[in-house]
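Take a look at the structure set out below.
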Amino acid sequence: MRAAFAAGRVANVFADETRPFLQGARLTAWELHKDAIPVTVIADGMAGHLMKQGEIDVIVVGADRIAANGDTANKIGTYTVAVLAARHGIPFYIAAPLSTVDLATPDGDAIPIEERSRTEMAKVGATEILPDGVPVRHPAFDVTPHDLIAGIITEMGVAHAPYIGSLRFQVEAARRAR
């Protein structure tokens, strides 16, 4: 975002607030604001509406793990944004360091999805928001299939489909550069 903003390619960033930890509001917005990059925080459920209204023209998200075929695990809700982006014809990019690329993991089905505790969903800060006894489901991550991804941006450039070749090329180029 910093480089795109400096190059005049970004006018404003919408940061999803990402329940349950609100990382978009607490971290993304803080970093962008600190760097004087215009940012507007939205709730996760607002992204589709803004896409439909034509207010979003490109999406860039991070990744916690990228499989060899380009399937990407990230914070829960990323897959939903990718599906909405595809529906509205908006390019959806992943930006992550090459250290998140796992060539030994063939695809997203091989990425384990962690289920986290009820407490994380039942509270906002220290305030309990759910009645006792109400269960929750809390997968912490979801997997975005490679066919929804326009490109994977790393420190070696932008990888494009077929990712199995372009990601391997980037990983090997980075090894040779060391």
Query raised in the report: Should we count CZ of R26 as having more than 12 external heavy atoms under 6.0 Å?
Result: yes

Requested in this report: Answer yes or no: are there more than 12 heavy-atom neighbours, outside R2 itself, under 6.0 Å from its atom CZ?
Outcome: no

Donor-acceptor under 3.5 Å ([X] side chain, [Y] main chain):
X: D35; Y: I37; answer: no
X: S166; Y: H160; answer: yes
X: E115; Y: H138; answer: yes
X: R9; Y: A3; answer: no
X: D44; Y: D16; answer: no
X: T154; Y: L98; answer: no
X: Y163; Y: I66; answer: no
X: D142; Y: G77; answer: yes
X: D102; Y: A104; answer: yes

Query - V39 and T28, any side-chain heavy atoms less than 4.5 Å apart - result: no

Report task. For residues M156 and V171, determine if any side-chain heavy atom of one lies less than 4.5 Å from a side-chain heavy atom of the other. Result -> no

Query - E17 bridged to K75 by N-O distance under 4.0 Å - result: no

**Report entry** side-chain contact (heavy atoms from CB on, under 4.5 Å) evaluation trace for F14 with E55
**Finding:** CA-CA 9 Å; F14 286 105; E55 294 188 44; 3.9 Å; yes

Indicate, with yes or no, if [Y] and [X] share a hydrophobic cluster defined by side-chain heavy-atom contacts under 4.5 Å among Ile, Leu, Val, Met, Phe, Trp and Tyr.
X: L32; Y: V60; result: yes
X: V81; Y: Y79; result: no
X: V158; Y: I59; result: no
X: V10; Y: V61; result: no
X: I42; Y: L84; result: yes

Query raised in the report: Could you go step by step and tell me if T40 and N12 meet the side-chain contact (heavy atoms from CB on, under 4.5 Å) rule?
Result: CA-CA 7 Å; T40 302; N12 184 62; 3.4 Å; yes

